[in-house]
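Remarks on the structure that follows.
Note that this is a predicted model, so its numbers are computed, not measured. Positions are given from 1 along the sequence.
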Amino acid sequence: MRATDRYPGRVLRTKALRSSSLRLLNDRDLGDVLELCDRDPVVNVFVSSRVREAGLDPVRLGGQMWGYLPGGRLTSACYAGANLVPVAASQAAATAFAGRARMQGRRCSSIVGPAEAVAQMWDLLRPYWSTPREIRDTQPVMAISGPPHTAPDPQLRRVRPDELDVLLPASIAMFTEEVGVSPLGPDGGAAYRARVAELIALGRAFARIEDGQVMFKAEIGAVTPYACQVQGVWVRPGLRGRGLAVAGMAALVQEALRSVAPVVSLYVNDFNAPARAVYRKVGFTELATLASVLF
């Protein structure tokens, strides 16, 4: 029996909101979930990409997909895996999702998504969950769909599989600097190494490498037919401020628009003025605002 067959139509009930509108979704809901994500394909690119790759079976997806269906029609969803990510969440849906998350206890390392929905969910969960490491309440979503405004770096290229050990230290440094904790968990970094290797194998890891060292790097983490999302942008310390990021991002945009998706997106912390300046020089514009609660 498939995992989805064990709970078709199962209602997720909470003390805060006892409503048949909240339901665990399964593969029979796939078309409706993708249609919901595609209403805002840039903001929802992460969830859309995961669903397109894995479907809605919790085992394959790596988490559950909760649906809010007033009157039997899907109007909002929430991915509940390593991250808790609301999609098109109305106030009622955000309340329902927070109630379900409170009932099952915190299993995620972050809540991330449209700023208003994340703020509402966190207000409801704050009294019951542990204190977060950090709250980033303003993270602009930026995107570009045309040629970059600056000259691309001709030395940026896809990282080869045999260069995993070259890219990995830079990836670890980027993650630690950006998130504030090391990605090398109890498994000694095996899971993170596997993820970096997967991105390389998919042709989504890009870098400028000189003498066996990464000068600039970035990856494309999420891909749909409508958009892709850049992550892990990093310049080697000591080389920052020399234009490597502008030229590298221009080259990445050029290649991504040619071979990956018609829109290239990312999100950035509002306090990271240098990064926002780089992206604006390349031609990115701000479309929306996300927020993250990091545990």
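Residues F206 and F216 place their aromatic rings such that the two centres sit no closer than 6.0 Å.
Between E210 and R157 no salt bridge is recorded (no basic side-chain N to carboxylate O distance below 4.0 Å).
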Stepwise side chain to side chain contact (heavy atoms under 4.5 Å, CB included) test for L22 and F97: CA-CA 8 Å; L22 187 62; F97 297 149; 3.7 Å; yes
Let me see the working for R73 and E35 under salt bridge (Lys or Arg N to Asp or Glu O under 4.0 Å), right down to the final yes or no. CA-CA 12 Å; R73 183 176 65 87; E35 192 276 332; over 6 Å; no
Apply side chain to side chain contact (heavy atoms under 4.5 Å, CB included) to W129 and C108, showing your working. CA-CA 11 Å; W129 281 13; C108 61; 3.9 Å; yes
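Looking at L61, V112, L84 one by one, the single match for side chain to side chain contact (heavy atoms under 4.5 Å, CB included) with Y79 turns out to be L61.
With sequence neighbours excluded, the residues satisfying side-chain contact (heavy atoms from CB on, under 4.5 Å) with Y128 are R102. With sequence neighbours excluded, the residues satisfying salt bridge (charged side-chain N to carboxylate O under 4.0 Å, His left out) with D153 are R208. A search for side-chain contact (heavy atoms from CB on, under 4.5 Å) contacts involving A98 returns M121, L124, L125, not counting sequence neighbours. Residues satisfying the side-chain contact (heavy atoms from CB on, under 4.5 Å) test with L257, not counting sequence neighbours, are V253, V264. Residues passing the salt bridge (charged side-chain N to carboxylate O under 4.0 Å, His left out) test with D162, sequence neighbours excluded: R160.
To the nearest 0.5 Å, the span separating CD1 on I220 from CG on L202 amounts to 10.5 Å. The CZ atom of R193 sits 11.0 Å away from atom OG of S171, with the distance rounded to the nearest 0.5 Å. Taking CE from M249 and CD1 from I144, the interatomic distance works out to 8.5 Å, rounded to the nearest 0.5 Å. To the nearest 0.5 angstrom, Q64 atom CD is 11.5 Å from N26 atom CG. With values rounded to the nearest 0.5 angstrom, M142 atom CE is found 6.5 Å from L266 atom CG. W122 CH2 to I135 CD1: the interatomic distance, rounded to the nearest 0.5 Å, is 6.0 Å.
The shortest non-hydrogen separation linking V118 to P86 is CG2-CG, 4.4 Å. Between A88 and S76, the closest heavy-atom pair is O-OG, 2.6 Å. Nearest approach of L156 to A251, heavy atoms of both residues: CD2-CB, 3.6 Å. Closest approach of A261 to A227, counting heavy atoms only: CB-C, 3.6 Å.
Other residues, nucleotides and ligands contribute only 12 or fewer heavy atoms inside 6.0 Å of the CD atom of E116. The local environment of CD in E53 is crowded, with over 12 non-hydrogen atoms from other residues, nucleotides or ligands closer than 6.0 Å.
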All N/O donor-acceptor pairs, side-chain side in residues 278-295, below 3.5 Å, sequence neighbours left out:
{"from": "E286", "atom 1": "OE2", "to": "R276", "atom 2": "NE", "distance (Å)": "3.4"}
{"from": "E286", "atom 1": "OE2", "to": "R276", "atom 2": "NH2", "distance (Å)": "2.6"}
{"from": "S292", "atom 1": "OG", "to": "Q139", "atom 2": "OE1", "distance (Å)": "2.7"}

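When only modelled atom types and interatomic distance are considered, S259 and E255 share a side-chain donor-acceptor pair under 3.5 Å.
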